[in-house]
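None of the values given here were measured: they were computed from a predicted structure.
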Amino acid sequence: MYELATGSVCGQRLRCGCGAGAVRDLGGSGHADQPVAAAALDDATSWTALYEKTGSDQSDYVSEVRSAVEYGLNDPRESVEMACAAAETADAAAEVLSSTWSLYTPQDAASVASALLVQLQNSAGAFAELVSAVGRLVERGEAELPAPASPGQPANLTDALMALRTVADTVNDLVDRHASCIVHALDAAPGTAVLPGDVHE
């Protein structure tokens, strides 16, 4: 039986959440007849700051997930439910971003990019944890892993799990190298557009 290595994934791991306030606050009147605020990040501020700020704002979506995490997640049912919720959340983010007016300004794009890049990093971490969890199943005798496939043979479960760990490391490396540039560049872009009062304008 082949034993799969279960080291930790490289890169920083962050708990993910996506706040409802990615679009700039339009104020109590619901209208914005002035240019949007200036860039929120300076060169010394982490690219995760926009996600952290937005994720800390009041949001039913974020609150429900964080409440569940604080209560404690440790059994198979919760593992499956959280994985399914993550899949639905990623799909919902793609759906809303496909709208013509999903983003009003580069600063909105910076906030969304910050959150999605954290999500990407956390997804890489989740894949690494999946590999480790399968390794624990093997250690308990509840599953077996074959030796890696020989050249020219179809990939098997061991090959696939090793590939997932490699992908997780690659994703973390890409985020480490490019996330700061993406978020800071969008946040610093000129934001002179006048925001519409609602989605019908």
(request) List in chain and number order the residues that pass side chain to side chain donor-acceptor pair (under 3.5 Å) with Ser123, two or more places apart in sequence or in another chain; answer none if no residue qualifies. (result)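 For Ser123, no residue satisfies side chain to side chain donor-acceptor pair (under 3.5 Å) once neighbours in sequence are set aside.
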
(message) Please enumerate all residues that pass side chain to side chain donor-acceptor pair (under 3.5 Å) together with Ser46, with sequence neighbours excluded.
(response)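 If we apply the side chain to side chain donor-acceptor pair (under 3.5 Å) test to Ser46, skipping adjacent residues, the hits are Thr48.
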
Could you tell me the separation between the [atom1] atom of [X] and the [atom2] atom of [Y], rounded to the nearest 0.5 Å?
X: Thr158; Y: Glu144; atom1: OG1; atom2: CD; result: 10.5 Å
X: Ile182; Y: Trp47; atom1: CD1; atom2: CH2; result: 9.0 Å
X: Lys53; Y: Ser114; atom1: NZ; atom2: OG; result: 11.5 Å
X: Glu88; Y: Glu95; atom1: CD; atom2: CD; result: 11.5 Å

(message) So, using salt bridge (Lys or Arg N to Asp or Glu O under 4.0 Å) as the criterion, who are the partners of Glu81 when residues are at least two apart?
(response)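 Glu81 satisfies salt bridge (Lys or Arg N to Asp or Glu O under 4.0 Å) with Arg77 only.
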
(request) Could I get the full list of salt bridge (Lys or Arg N to Asp or Glu O under 4.0 Å) partners for Glu142, not counting sequence neighbours? (result) Arg140

Can a donor-acceptor pair be found, under 3.5 Å and without considering hydrogens, that links the side chain of [X] to the backbone of [Y]?
X: His178; Y: Leu174; result: no
X: Asp173; Y: Asp169; result: no
X: Thr89; Y: Ala85; result: yes

Of all the heavy-atom pairs spanning [X] and [Y], show the shortest one and how long it is.
X: Ser111; Y: Leu50; result: N-CD1, 3.8 Å
X: Ala149; Y: Asn156; result: N-ND2, 3.6 Å
X: Met82; Y: Ala68; result: CE-CB, 3.7 Å
X: Ser102; Y: Leu97; result: OG-O, 3.1 Å
X: Pro148; Y: Met162; result: CG-SD, 4.4 Å
X: Leu73; Y: Glu78; result: CA-OE1, 3.4 Å

(request) State, yes or no, whether a side-chain contact exists between Ser132 and Arg165 at a heavy-atom distance under 4.5 Å. (result) yes

(request) Applying side chain to side chain contact (heavy atoms under 4.5 Å, CB included), name anything that partners Ala92, two or more places apart in sequence or on another chain. (result)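 By the side chain to side chain contact (heavy atoms under 4.5 Å, CB included) rule, Ala92 matches no residue at all.
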
(message) Tell me every residue that passes side chain to side chain contact (heavy atoms under 4.5 Å, CB included) with Ala93, counting only those two or more places apart in sequence or in another chain.
(response)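 For Ala93 the side chain to side chain contact (heavy atoms under 4.5 Å, CB included) partners, ignoring immediate neighbours, are Leu116.
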
(message) Hydrophobic cluster membership, with links at side-chain heavy-atom distances under 4.5 Å among I/L/V/M/F/W/Y: are Val167 and Val175 in one?
(response) yes

(request) Please check if Val138 and Phe127 belong to a single hydrophobic cluster, counting links between Ile, Leu, Val, Met, Phe, Trp and Tyr side chain heavy atoms closer than 4.5 Å. (result) yes

(message) Taking side chain to side chain contact (heavy atoms under 4.5 Å, CB included) as the criterion, tell me which of Asp176, Thr166, Leu120 meets it with Val171.
(response) Leu120

